[in-house]
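Order of the sequence lines sets the chain letters (A, B, ...), proteins ahead of strands, with each chain counted from 1.
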Amino acid sequence: MRSVWALAAMAALSVLTASTATLAGEPKQGGILRMYHRDSPANASILEGATYSINIPFMGVFNNLLIYDQHIAQNSPDTLRPDLAESWSWSSDNKKLTFKLRQGVKWHDGKPFTSADVKCTFDLLMGKSQQKLRQNPRKAWYNEVNEVTTSGELEVSFDLKRPQPSLLAMLASGYTPIYPCHVSPADMRTHPIGTGPFKFVEFKANESIKLTRNPDYWKKGLPHLDGVEYTIITNRSTAILAFVAGKFDMTFPTHITIPLLKDIKSQAPNAVCVVEPTNVSTNIIVNSTSAPFDNIDIRRAMSLALDRKAFVDILFEGQADIGGTMLPPPQGIWGMPKDKLETIPGYGRDVKANREEAKKLMQKAGYGPDKHLAVKVSTRNLAEYRDPAVILIDQLKSIYIDGELDVVETANWFPKVARKDYMLGLNLTGSSVDDPDQSFYENYSCGSERNYTNYCNREIEKLVDVQSQETDVSKRKPLVWDIDKKLQEDVARPIIFHARAGTCWQPYVKGVTIMSNSSYNGFRYEDVWLDK
Amino acid sequence: MFAYLVRRLFLMLVTLFGISVVIFFLLRIVPGNIVDILFAAAGYVDPADKAELEKQLGIDQPLAVQYLHWIGGLLRGDFGYSYVSEKPALQEILPRIPITARLAGLALLFSASIGIPLGVISAVKQGTRLDYVLRVVSLSGLSLPSFWLGLLILTASVAMFGQMPIFNPNPKTWLEAFATYAVPAAAVGFRSAALTMRITRSSMLEVLRQDYIRTARAKGASDAAVNYHHALKNAILPVITVIGIEAAFLIGGLIVTETVFNIPGVARFLVEAIRWRDYPIVQNLVMFIAVVVVFANFTVDMLYAVFDPRIRYTD
């Protein structure tokens with residue numbers, strides 16, 4: 001009899017525990033998520049932007065055709081989820097991608113969403129429409145798209161020049177929201193209309209951005225929040241102090257440097273903080289069109305002189321990643337495995353031996369202890385550029401290169417780089433999707449606008465095209481690794497490290513996932529809630 | 001007096017014209033424009049898109065044409081559009097002026113209400129311990145940068161009270177509203193108060209040594225009457241000058257305080273506008289500040305006559 005009572009008591013306890021757990025984990029409706037924003041974005045149009053300062057506040061206003069799962073940190077082909085498209089399919093030759101669209105979706109102004117809106121969006125992006133975007137930084141993403149066609153109101157197809165499985169990755173990026181046909185690009189800059197969980201309320205430059213719940217959101221029961229408010233605070237110290245004081249529920253995503261994270265944890269020990277890669281690489285751009293870096297020996301010597309671990313230890317207290325062009329694993333999908341990476345000259349662990357080899361190359365080029373090579377190391381006047389540039393100059397000293405820091409105002413940086421008015425430059429390159437097509441075509445393809453160094457290798461170009469058409473991920477990966485290895489060996493744009501950064505939120509903020517291989521795709525916030 | 005007023009007003013117009021030329025051309029000397037910055041953020045430069053955008057914004061026109069376009073617009077009350085927000089410049093500037101004006105006004109009030117009495121006390125008690133303490137306080141006020149003091153106040157508030165007095169656009173209580181402006185005003189006004197105190201002290205010391213002060217004392221006037229009625233009234237002129245200069249300085253000089261306390265006033269807005277090379281905003285805002293400075297100087301000159309009957313502006 002005692003055992004029966006014991007069993008009954010255990011059963012009652014387990015039911016109670018289970019129900020309590022359900023209550024604790026069940027999302028609560030309401031509340032405004034308060035965050036600070038690190039700067040005042042130029043406008044509210046994601047399609048025209050090239051900074052996550054626009055993505056983060058405005059991604060929740062929109063939907064994409066498909067989206068990366070917002071609760072899985074690593075974006076991968078396996079985490080693509082339907083959004084405005086209910087499903088998609090490839091033709092047998094992989095040259096036509098067809099989307100079946102969701103029915104009953106409405107824009108925030110009440111007009112119905114149809115396939116025409118999808119066509120308008122991509123015609124705008126491909127430069128085929130009457131209306132023009134003021135800036136179109138991702139036009140090249142759709143180079144392989146012939147045209148976008150509609151079939152009825154709920155079906156849309158992308159006709160491709162050749163198979164490009166990566167197109168799905170780009171369509172799922174936070175940078176690819178669907179815009180309404182009936183709102184001009186100019187209006188989208190100042191008052192965006194979307195189909196997303198939050199409606200735009202106001203954007204006061206240098207002050208605040210406010211979004212409110214979309215009560216007619218097509219995902220029933222979402223969003224949980226009544227709104228999201230961003231207060232623009234450009235001074236990082238003030239912003240972090242305000243978070244510590246409880247003025248904000250969350251910091252601006254990936255805005256906290258590793259040293260600052262310690263401060264937050266000591267001042268707000270209950271704060272939940274995560275550190276993830278940002279998929280932004282710090283790299284060296286070399287002007288190989290003029291002396292002395294037209295000499296491959298000097299370029300190789302410079303690459304051999306890099307002590308990447310020292311950069312990571314000094315700037316990130318050891319918490320950053322060393323890799324090639326693609327973000328290294330485990331967070332990166334396409335990065336080279338460690339054993340392959342270490343076979344690349346300059347990536348070996350013996351820095352002293354690397355530098356001895358570098359010195360020999362420098363001596364071969366006519367430089368040595370008595371004849372140093374004087375170079376200017378140009379970089380943008382921002383801390384994340386300046387600090388590694390200073391370390392770079394220090395490291396180059398070990399191989400007879402005397403560097404002088406040339407700090408360039410942001411407004412003049414890209415014009416200067418485009419004019420090839422530099423010898424060596426320290427640059428940051430962000431990847432909005434962890435995908436080889438985006439990275440290789442954008443940064444290394446002959447004639448690409450963002451191929452600052454004008455690196456052009458026809459052999460590599462062919463290999464990039466081959467990997468781009470490969471639909472089997474397991475077969476594509478080795479191709480990507482070989483290309484990446486070759487790019488590093490060619491000193492096309494030596495990668496120093498891949499940065500990591502922190503994000504913190506108050507313990508009552510639930511449902512936030514910081515993406516681990518992109519800083520651009522995880523800010524829909526439709527199922528974030530406040531456990532208050 | 002009337003002729004003097006007319007002459008001063010004419011000189012003010014000439015000054016403002018000169019300032020407009022200087023603002024306009026200095027801004028164009030700074031390398032890069034809004035289009036460069038927009039493309040810098042995008043990480044590429046497309047020459048065709050860049051040219052198109054420059055044409056849309058009118059910055060492809062010759063400088064003289066751009067200048068005339070701006071001045072012509074100003075005279076017609078057309079302040080142009082912000083290149084960044086694409087809203088009318090006036091709509092962007094106007095709501096920010098009261099915020100900065102309140103902050104500057106409170107800082108000046110703080111400066112005058114603290115600086116003048118302490119300056120008088122320091123002068124009257126010259127050579128005493130109190131005088132030394134006040135002089136050290138005033139020196140520290142002049143030496144501590146307001147951004148450092150601001151950050152110190154914020155850090156101390158968070159550490160001691162778990163609260164932070166940053167700008168709140170919709171204060172719920174009177175205390176919140178007061179904290180919104182009072183703390184930053186104190187941070188910026190501390191330096192100003194120190195300056196006012198030092199000027200008051202030195203001016204008072206000079207006046208207190210005058211014969212008529214000795215005469216007043218000999219006639220049996222009380223200390224308060226001598227110090228405040230006779231001495232301060234005559235010592236106040238240089239203090240008014242300094243407060244006038246400070247008033248003008250504060251409008252443009254609140255940049256750091258507005259940034260640290262995250263106050264959306266004109267000063268921080270101006271810095272952002274310069275960063276974006278948002279010419280319509282920068283030109284109009286700097287002209288506004290110039291107008292304030294010129295008028296402040298004019299007002300100070302007029303106040304001289306009120307406070308010192310010996311000064312009369314004659315033809």
- Give a yes or no on whether the backbone of B:Val260 and the side-chain of A:Thr238 come within a donor-acceptor separation of less than 3.5 Å.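 Yes, because the side chain of A:Thr238 sits within donor-acceptor range (under 3.5 Å) of the backbone of B:Val260.
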- Query: Within the side chain of A:Arg189, is there an N or O that forms a donor-acceptor pair under 3.5 Å with the backbone of B:Val84?
  - Reply: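 Absent.
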Heavy-atom contact with chain B under 4.5 Å, split by part of [X]:
X        : value
A:Arg380 : side chain
A:Tyr452 : side chain
A:Thr231 : side chain

- Message: By the definition side chain to side chain contact (heavy atoms under 4.5 Å, CB included), identify the one residue from A:Ile232, A:Ile233, A:Asn235 that meets it with B:Asn262.
- Response: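 Of all the options given, the one that passes is A:Ile233.
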Heavy-atom side-chain proximity of [X] to [Y] below 4.5 angstrom:
X        : Y        : answer
B:Leu151 : A:Ser237 : yes
B:Thr259 : A:Thr234 : yes
A:Asn412 : B:Pro31  : yes
A:Lys132 : B:Asp49  : no

- Message: Heavy-atom pairs under 4.5 Å with chain A - which of B:Lys50, B:Glu92, B:Glu272, B:Glu52 has more of them than the others?
- Response: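 Going by pairs under 4.5 Å, I would pick B:Glu272.
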For [X], does the [atom1] atom have more than 12 heavy-atom neighbours from other residues, nucleotides or ligands under 6.0 Å away?
X        : atom1 : answer
A:Lys128 : NZ    : yes
B:Lys55  : NZ    : no
A:Lys139 : NZ    : no
B:Phe295 : CZ    : no
B:Tyr67  : OH    : yes

Which heavy atom of [X] sits nearest to which heavy atom of [Y], and what is that distance?
X        : Y        : value
A:Phe414 : B:Phe39  : CD1-O, 4.5 Å
A:Leu241 : B:Met164 : C-SD, 3.4 Å
A:Ala42  : B:Trp276 : CB-CH2, 3.5 Å
A:Ala245 : B:Gln163 : CB-C, 4.3 Å

Chain A contact via [X] - side chain, backbone, both or neither, heavy atoms under 4.5 Å:
X        : value
B:Phe161 : neither
B:Thr155 : both
B:Leu38  : both

- Step-by-step salt bridge (Lys or Arg N to Asp or Glu O under 4.0 Å) determination, B:Glu86 to A:Arg134: CA-CA 12 Å; B:Glu86 299 176 66; A:Arg134 196 159 81 161; 3.6 Å; yes
- Gap between atom CD of A:Glu207 and atom CZ of B:Phe167 - 0.5 Å precision: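 Nearest 0.5 Å value for the CZ-CD distance: 6.5 Å.
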- Quick one: pull up CD in A:Glu409 and CD1 in B:Ile37 and give me the separation to the nearest 0.5 Å.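 One finds 8.5 Å between CD of A:Glu409 and CD1 of B:Ile37.
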- Task: Just give me the residue among A:Asn136, A:Asn206, A:Leu133 that pairs up with chain B most often, heavy atom to heavy atom, under 4.5 Å.
- Result: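 When all of A:Asn136, A:Asn206, A:Leu133 are compared, A:Asn206 has the most.
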